[in-house]
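One structure is given below, encoded as C-alpha cells.
In this chain, residues are counted from 1 in sequence order. What's counted below: heavy atoms across the whole structure, side chains too, no hydrogens, waters or symmetry copies.
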Amino acid sequence: MAKGKYQEWQTPEKLALIEGWARDGLTDEQIAHNIGIRRETLYAWKKAHPNISNALKRGKEVVDQMVAGSLVKRALGMTITNTTYKMVPIRDDVLEAKRARWRNEHQIDHPELTRKELVQASIENVPTYEKIPIMVNENELAPDTSAQIFWLKNRKPELFRDQAFKQLNEAQAEKVAEEVRKSKAEADIMEAKAKLLTDAGSQDRTVIVDDVPEDD
C-alpha cells in the first residue's frame with residue numbers, strides 16, 4: 001500500500017505538514033498513522049529520504065527547544081503573570097472609523113467588490129468590543145528540585161548521575177550523623193562535669209551540730 005507513496009510526501013506542502021505534526025509533539029507512530037503507513041515504514045522513509053528525515057528533525061528541534069526552555073525556567077523558578085480583561089463596547093464614532101479604515105485597506109486587494117459588499121464585510125470583520133486589561137497578578141514559582149535534578153543528570157551526567165547523587169546523599173547523612181555524635185559527646189562531658197562538681201560540693205560541706213545539754 002505504501003509502495004511509491006513516499007513520492008507524494010516529498011512535496012513542500014506535505015513536508016511542511018510532517019514538520020508541523022512533529023512540532024506539535026506527535027510521536028513517529030502517530031505521524032505514520034496520519035500518513036496512512038506503519039511506523040516501520042516511516043523509519044524506512046527516514047533512512048532512505050533525507051527530505052522526510054529533515055522535516056521530522058526540524059519539527060522536533062523546535063518543540064525540544066520549547067520544552068528545554070520551560071524546564072530551565074521551572075528549575076530556576078519563574079514568575080507567572082495572569083491578566084484579567086474586561087470586554088468593553090467600542091464607541092460608535094471609533095467603530096465607524098475602524099470599519100472605514102478596514103474598507104479602504106480591503107478595497108485595494110479586492111477592487112471587484114461593491115460598496116455594499118465592502119460595508120457588509122467591514123461589519124462582519126471589525127469587532128464591536130475591545131479587550132481592556134483591568135487587573136494583573138504576578139505569582140512567584142519557587143525553583144523545582146525535581147526539574148533541577150533532571151536537568152543536571154542530563155546535562156552533566158558525569159557529575160550528577162544517580163551514583164553521584166547517592167554518594168552526595170550518603171556524605172550528607174554521614175555529616176549529620178557525625179554532628180549528632182559530637183553533640184551527644186559534648187552533652188555527656190557537660191553531664192560528667194556537673195556530677196563532679198556536685199560530688200565535690202558534698203564532700204566539702206561541714207555539718208555543725210550544737211551541743212545539747214544532757215538530761216540529769
OG1 (Thr79) and CG (Asn139) are apart, to the nearest 0.5 Å, by 9.0 Å
Heavy-atom closest pair (Leu42 atom, Asp28 atom, distance to 0.1 Å) is CD2-O, 3.3 Å
* I would like to know whether Thr128 and Arg99 meet side-chain contact (heavy atoms from CB on, under 4.5 Å); could you show each step before the answer? => CA-CA 10 Å; Thr128 58; Arg99 287 174 175 173; 3.6 Å; yes
Are the side chains of Met87 and Glu130 in contact, using a 4.5 Å heavy-atom criterion?
no
Can you confirm whether more than 12 heavy atoms, excluding those of Tyr129, are under 6.0 Å from its OH atom?
no
Taking C-beta and beyond as the side chain, do Leu15 and Asn54 meet within less than 4.5 Å on heavy atoms?
-> no
Of all heavy-atom pairs linking Ala121 and Asn125, the shortest is O-ND2, 2.7 Å
Between Trp45 and the options Leu56, Asn51, Ile37, the side chain to side chain contact (heavy atoms under 4.5 Å, CB included) test singles out Ile37
Taken to the nearest 0.5 Å, the spacing of Glu19 CD from Lys14 NZ works out to 15.5 Å
- Query: Does any N or O in the side chain of Arg38 come within less than 3.5 Å of the main-chain N or O of His33, such that one atom is a donor and the other an acceptor?
  - Reply: no
Residues Arg74 and Ala142: closest non-hydrogen pair is NH1-O, 2.8 Å
Quiz item: Do Val126 and Val94 belong together in a cluster built from hydrophobic side chains that touch within less than 4.5 Å?
Solution: yes
Just wondering, are more than 12 heavy atoms of other shown residues or ligands nearer than 6.0 Å to CG in Asp188? yes
One should read off an interatomic distance between Leu76 CG and Leu141 CG, to the nearest 0.5 angstrom, of 12.5 Å
Go through Arg181 and Glu178 one step at a time and tell me if the salt bridge (charged side-chain N to carboxylate O under 4.0 Å, His left out) criterion holds. CA-CA 5 Å; Arg181 287 194 295 269; Glu178 180 62 28; 2.6 Å; yes
NZ/Lys98: more than 12 non-hydrogen atoms of other groups inside 6.0 Å | no
Closest non-hydrogen atoms of Ile52 and Trp9, given as atom of the first, atom of the second and distance, are CG1-O, 4.1 Å
Rounded to the nearest 0.5 angstrom, the NZ-CD1 distance for Lys57 and Ile18 is 14.5 Å
Decide if atom NZ of Lys73 counts as having more than 12 heavy atoms of other residues, nucleotides or ligands within a radius under 6.0 Å. no
| field | Charged N-O contact under 4.0 Å between Arg103 and Glu96 | value | yes
When the ring planes of His106 and Trp102 are compared, do they come out parallel, tilted or perpendicular, using 30° and 60° as the limits?
parallel
The reported gap from CG in Asn137 to OG1 in Thr84 (rounded to nearest 0.5 angstrom) is 6.0 Å
ask   = Hey, are Glu61 and Gln65 close enough side-chain-wise for a donor-acceptor pair under 3.5 Å?
value = no
Tested for side chain to side chain contact (heavy atoms under 4.5 Å, CB included) against Lys182, the lone hit among Lys184, Glu186, Glu179 is Glu186
Donor-acceptor under 3.5 Å (Asp24 side chain, Leu26 main chain):
no
Taking every heavy atom of Val119 against every heavy atom of Ser122, the minimum-distance pair comes out as O-OG, 2.7 Å
Note: Pro143 and Ala75 closest approach over all heavy atoms is CB-O, 3.1 Å
